[in-house]
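Note that the structure is a prediction, hence the values are computed from the model and not measured. Below, chains carry the letters A, B, ... as their sequence lines are ordered, and counting in each starts from 1.
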Protein chains: 2
Amino acid sequence: MSEDKYIEKLFIPVSIGRVSEEVVLQIEAAILDGRLKAGERLPSEREMQSQFGTGRGVIREAIKILKQKGLLEVRKGAKGGAYVRELEVSNVSESLALFLKQHQVSPETLIEFRESMDRTITTLAIARSSVDEKEALLKEALRFKATLLEPDPDLVAAAEIDRNLNIMLARMARNELFEWVMHALQMGFSSHDFALYEDASYRAKAATNWSNTARAISEEEPMKALSFIGLHYALLRQCVDEMNGEAASMVAPFLDDNIEE
Amino acid sequence: MSEDKYIEKLFIPVSIGRVSEEVVLQIEAAILDGRLKAGERLPSEREMQSQFGTGRGVIREAIKILKQKGLLEVRKGAKGGAYVRELEVSNVSESLALFLKQHQVSPETLIEFRESMDRTITTLAIARSSVDEKEALLKEALRFKATLLEPDPDLVAAAEIDRNLNIMLARMARNELFEWVMHALQMGFSSHDFALYEDASYRAKAATNWSNTARAISEEEPMKALSFIGLHYALLRQCVDEMNGEAASMVAPFLDDNIEE
DNA sequence: ACCTACTAATGGTACGACCATTTGAGGGTG
DNA sequence: CACCCTCAAATGGTCGTACCATTAGTAGGT
């Protein structure tokens, strides 16, 4: 009995304002300053109901909000309840993806941003990643190329590999922020990349170019790598322009030439 | 009566799975594909309760989730209810800030990322912004400098101006993504900038440097502007290093020299 | 030793009641 | 007519109870 008071002094009864928000704030605070650590379990709803001195509905609403924020995970049944979760990038991604969805960002805007990030990431990755990582990247890029060059390529699998390549590269830059932002944007632009690989004429070039980029990185040739990245986005822009039916007047015609590795 | 059926065919009764999630999905879908537009009001809780064929608690939990997502705004009283909201960057920012808070990103990581973004933003801003915008930026930078050079500067006001300068510059790049990401990161690194301005010895240099940057931008001198930006981050790194008590061995001592405009 | 059936804990849902806040309409007064 | 006051109605916010569904553990039987 008195143990309860000792152990669970976490929460205090609510008195002011919108009760459910107070509950959210108290739990969130407890998580953020470490009184509740990832994996730990919160008291049951009925328990918290009495600790906070409120109705159960309020507790449930608070839990739903924190669950939406990605801070809690809820399981039902015996030994169920609300468990503190380690925040994942996917929460930020979802939030950003929702925003992009409602705000209709143009392909060029996404391409431009991504190209800028990619250039920095590539430079950092060459300087900081291990030889093993560089080799792994090259190997994956070759697998990507092989997948796309088959007669009837599995585009879904290819998109998955492409996504993975981007994540690998971002991780090699040794800066989580690039990794997260790339991750968060992925949903937004994956559709465009997909278009690039759907068109057979672009497919081969883009695939070859990825492997060239990976090779330049593994050989620690930053200028070459950046050059290939420029080509990738030139191709992507041309492809998007064509899809929109716009005259690809600004795109160099010689991009149609074959690219050998 | 029959009007009701016509007008409010928006939602259908829920049958499967976790009911509240179904409700969230239906309302979210209605918003995202435009059946519910920003500013419009959803039916009252009791109304939806009967439309969905569920209890009121479920509806309330769904609304709380959508409110947390930033899709709804709830007012109480007569004419109150859930109103569809235009998504704002601040939702993404909050989400990202929460993530950064839990993941303890090092100052260097933030600085590195931000410097990379700033360089691209500056280049784009010079190329794309109007003369008026450039002048406005310079004017604001001078106001910033004036604020910081006073005998007993108002650091809170200065921080506000600094934040505004960054947003202005990002907006001048004509790419919403840069604007949003800068916005989202602001909470994360504003604390470090603050440190830079608290130290009197750095304060003058940083303030002068901002105005130099703005001047270079308004004069459309990209190389100069990038040079000043490099200096800004060099100063910031030195300041952060000092605060951590680490020997600032990697920082050039000549940064201590006065910088004139 | 294995399987089964039961029990307890816990989240999920429903219903009903009441409170607090806000808007707007009605009516009175200057 | 214009202004102010009061009151009713709509609506979100909270509480309480009851019951259902799911899950983990346990006791008992084969």
Nucleotide [N], atom [atom2] - distance to [atom1] of [X] in whole Å:
| X | N | atom1 | atom2 | answer |
| --- | --- | --- | --- | --- |
| B/R18 | C/dT10 | CZ | P | 20 Å |
| A/Y83 | C/dA9 | OH | C1' | 11 Å |
| A/F52 | D/dC15 | CZ | C1' | 16 Å |
| A/K67 | C/dG11 | NZ | P | 12 Å |
| A/I59 | C/dG11 | CD1 | P | 11 Å |
| A/E47 | C/dT10 | CD | C1' | 12 Å |
| B/M48 | C/dA14 | CE | C1' | 17 Å |
| A/R46 | D/dG16 | CZ | C1' | 12 Å |

Listed nucleotide nearest any side-chain atom of B/T54, set D/dG16, D/dG13, C/dA14
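Shortest atom-to-atom distance from the side chain points to C/dA14.
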Picking from D/dT14, C/dA14, D/dG12, which would you name as closest to the side chain of A/V19?
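Nearest to the side chain of A/V19 among the choices is D/dT14.
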So, B/R41 side chain and B/G80 main chain: donor-acceptor pair closer than 3.5 Å or not?
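Yes, B/R41 side chain to B/G80 backbone: donor-acceptor pair under 3.5 Å.
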Taking atom types as they are modelled, would you say the side chain of B/R56 forms a donor-acceptor pair with the base of C/dG16 within the 3.5 Å cutoff?
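Result: no qualifying N/O pair found.
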With hydrogens left out and only the distance checked, is there a donor-acceptor pair under 3.5 Å joining B/R60's side chain and the base of D/dG12?
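Answer is no: no donor-acceptor pair is held.
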From the options A/L72, A/L71, A/V24, select the one residue that forms a side chain to side chain contact (heavy atoms under 4.5 Å, CB included) with A/I65.
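Result for side chain to side chain contact (heavy atoms under 4.5 Å, CB included) with A/I65: A/V24.
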Mind checking if B/G57 touches a base, just sugar-phosphate, or nothing, with heavy atoms under 4.0 Å?
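Nothing: the residue B/G57, judged by heavy atoms under 4.0 Å, touches no strand.
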With nearest nucleotides of DNA chain D determined for A/G55 and B/E45 from heavy-atom distances, which residue corresponds to the more 5′ nucleotide?
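This one resolves to B/E45.
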Check each of A/K69, A/K76, A/R75 against A/E73 using the salt bridge (charged side-chain N to carboxylate O under 4.0 Å, His left out) test, and report the only one that passes.
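With A/E73 as partner, A/K69, A/K76, A/R75 yield a single salt bridge (charged side-chain N to carboxylate O under 4.0 Å, His left out), made by A/R75.
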Only counting residues at least two apart or in another chain, list the ones meeting side chain to side chain donor-acceptor pair (under 3.5 Å) with B/R128.
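For B/R128 the side chain to side chain donor-acceptor pair (under 3.5 Å) partners, ignoring immediate neighbours, are A/E112.
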Whether the B/S106 and B/T109 side chains hold a donor-acceptor pair (N or O, under 3.5 Å, no angle test) is what I'd like checked.
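Result is yes, a qualifying pair exists.
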Has B/R41 got a side-chain N or O lying under 4.0 Å from the OP1 or OP2 atom of D/dT11?
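Yes, within the criterion.
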Dump the intermediate steps for salt bridge (charged side-chain N to carboxylate O under 4.0 Å, His left out) on A/E40 and A/K37, then the final yes or no.
CA-CA 6 Å; A/E40 282 186 350; A/K37 293 171 191 172; 5.8 Å; no
Are B/E160 and B/R163 ion-paired here, with the side-chain N under 4.0 Å from a carboxylate O?
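Salt bridge flag = yes for B/R163 with B/E160.
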Within residues 68-79 of chain A, residues whose heavy atoms come under 4.0 Å of DNA chain C:
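Per residue number, the list reads A/V74, A/R75, A/K76, A/G77, A/A78.
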